[in-house]
Enquirer: 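First, the structure itself, so that you have it in front of you.
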Amino acid sequence: MTMTSAIHRPEWVPAAGHRLCLTGVHFDAVRIGGLHGELVADHLIEATDEDAGPIVCEAGRGRWVYFLLPPGTARHHDWPPGVQRLPGQGGRTVAYVGVPALEGNTWPLRWYSAPTSTAPHVDAGALHGAVARPRTGGPLTRRGALPAADRSPGP
């Protein structure tokens, strides 16, 4: 079975385009900026054999990566600096996250990892472990990329 055949469309995913969804209802979200968010996403995707659950990425400069967790689970972890949970601290915070359709024009949003029947949400514990893990093993790197020390020097 290919990953595309395993993808399913939860009720909160629009059929076309994209829409804003209130966090805390169908999912909580953890937001990480730019390349760091993409590196965390790559790590989760690799660790789950490409079944990490729903991860949404914004296009352009200053982009954000949103990890969609089961509702109510983001608050159970102490997230490190640079990682923001949605909804935020306290009961008065309201946050919306853009959710793209599974196909078609969804700009400026895209799925970095789509929801599947086996991973309808990102596992909060796995995400927390990925962002809180010590850097003694070296920095996270893009899938398929070599750490800077292992790259050949340019011409």
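In what follows, residues are counted from 1 in the order of the sequence shown. Every heavy atom of this structure was used, including side-chain atoms; hydrogens, water molecules and symmetry mates were not.
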Enquirer: The criterion is ring pair (Phe, Tyr, Trp, His ring centres under 6.0 Å); which residues satisfy it with Tyr66, sequence neighbours excluded?
Expert: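 Ring pair (Phe, Tyr, Trp, His ring centres under 6.0 Å) list for Tyr66, sorted by chain: empty.
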Enquirer: For the side chain to side chain contact (heavy atoms under 4.5 Å, CB included) test, which of Val83, Ile55, Leu39 pairs with Ile32?
Expert: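 Per the side chain to side chain contact (heavy atoms under 4.5 Å, CB included) rule, the option paired with Ile32 is Val83, out of Val83, Ile55, Leu39.
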Enquirer: Donor-acceptor pair, His18 side chain versus Pro14 backbone, under 3.5 Å?
Expert: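 No; zero donor-acceptor contacts below 3.5 Å.
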Enquirer: Which atoms form the tightest heavy-atom contact between Thr106 and Arg110, and what is the distance?
Expert: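 Closest pair (atom of Thr106, atom of Arg110, distance): OG1-CA, 4.1 Å.
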Enquirer: Who pairs with Ala15 by side-chain contact (heavy atoms from CB on, under 4.5 Å), at least two apart in sequence or on another chain?
Expert: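 Applying side-chain contact (heavy atoms from CB on, under 4.5 Å) to Ala15 gives Arg9.
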Enquirer: Who pairs with Glu103 by side chain to side chain donor-acceptor pair (under 3.5 Å), at least two apart in sequence or on another chain?
Expert: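 For Glu103, no residue satisfies side chain to side chain donor-acceptor pair (under 3.5 Å) once neighbours in sequence are set aside.
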Enquirer: Which value, rounded to the nearest 0.5 Å, describes the distance between Glu58 atom CD and Tyr112 atom OH?
Expert: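 Answer rounded to 0.5 Å: 14.0 Å.
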Enquirer: If I take atom NE2 from residue His26 and atom CD from residue Glu11, how far apart are they, to the nearest 0.5 angstrom?
Expert: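 Atom-to-atom, His26:NE2 and Glu11:CD are 4.5 Å apart.
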Enquirer: For Arg31, is there any backbone N or O sitting under 3.5 Å from a side-chain donor or acceptor partner on Gln84?
Expert: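 No, the answer is negative, given that no donor and acceptor are paired below the 3.5 Å cut-off.
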Enquirer: Which heavy atom of Ala59 sits nearest a heavy atom of Trp107, and at what distance?
Expert: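 Where Ala59 meets Trp107 most closely, the heavy atoms are CB-NE1, 3.7 Å.
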Enquirer: Quick check for you: to the nearest 0.5 Å, what is the distance between Phe67 atom CZ and Leu86 atom CG?
Expert: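 Separation between the atoms: 12.5 Å.
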Enquirer: For the pair Thr48 (side chain) and Leu44 (backbone), establish whether a donor and an acceptor sit closer than 3.5 Å, ignoring hydrogens and angles.
Expert: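 Yes, the answer is positive, given that a donor and an acceptor are paired below the 3.5 Å cut-off.
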Enquirer: Provide the closest heavy-atom pair for Pro100 versus Gly98 in the form atom of the first, atom of the second, distance.
Expert: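 Reported closest heavy-atom pair: CD-O, 4.0 Å.
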Enquirer: Which of parallel (below 30°), tilted (30 to 60°) and perpendicular (above 60°) describes Trp79 and His128?
Expert: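 Trp79 vs His128 ring planes: perpendicular.
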Enquirer: Examine distances only and state if a side-chain atom of His43 and a backbone atom of Ala130 form a donor-acceptor pair shorter than 3.5 Å.
Expert: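 Pair absent, no side-chain N/O of His43 close to backbone of Ala130.
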Enquirer: Nearest 0.5 Å please: distance from the CG atom of Asp123 over to the CG atom of Asp51.
Expert: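 That separation rounds to 11.5 Å.
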Enquirer: Work out which heavy atom in Gly53 is nearest to a heavy atom in Val122; give both atom names and the distance.
Expert: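 Closest heavy-atom pair between Gly53 and Val122: C-CG2, 3.9 Å.
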Enquirer: Would you name the heavy atoms of Ala124 and Leu69 that are closest together and state the gap between them?
Expert: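 Closest approach of Ala124 to Leu69, heavy atoms only: CB-CD2, 3.4 Å.
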Enquirer: Counting distance only, does the side-chain N/O of Trp12 pair as donor-acceptor with the main-chain N or O of Leu22 below 3.5 Å?
Expert: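 Not a single qualifying donor-acceptor pair exists.
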Enquirer: Quick check: do Pro54 and Phe27 have side-chain heavy atoms less than 4.5 Å from each other?
Expert: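 No; the side chains remain at least 4.5 Å from each other.
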Enquirer: Using a 4.5 Å cut-off on heavy atoms from C-beta on, say whether the side chain of Val97 contacts that of Cys21.
Expert: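 A side-chain contact under 4.5 Å is absent here.
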Enquirer: Any side-chain heavy atom of Val99 sitting closer than 4.5 Å to one from Leu109?
Expert: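 Sidechains of Leu109 and Val99: no contact.
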Enquirer: Distance only, no hydrogens: is a donor on one side chain within 3.5 Å (strictly under) of an acceptor on the other, for Thr23 and Asp28?
Expert: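 On atom types as modelled, these side chains do not qualify, holding no pair under 3.5 Å.
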Enquirer: For Arg63, is there an ion pair with Glu38 - N to carboxylate O distance below 4.0 angstrom?
Expert: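 Judged by the 4.0 Å cut-off on N to carboxylate O distance, Glu38 and Arg63 do form a salt bridge.
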Enquirer: Any idea which heavy atoms bring Pro71 and His121 closest together, and the distance?
Expert: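 Closest pair (atom of Pro71, atom of His121, distance): CD-NE2, 4.1 Å.
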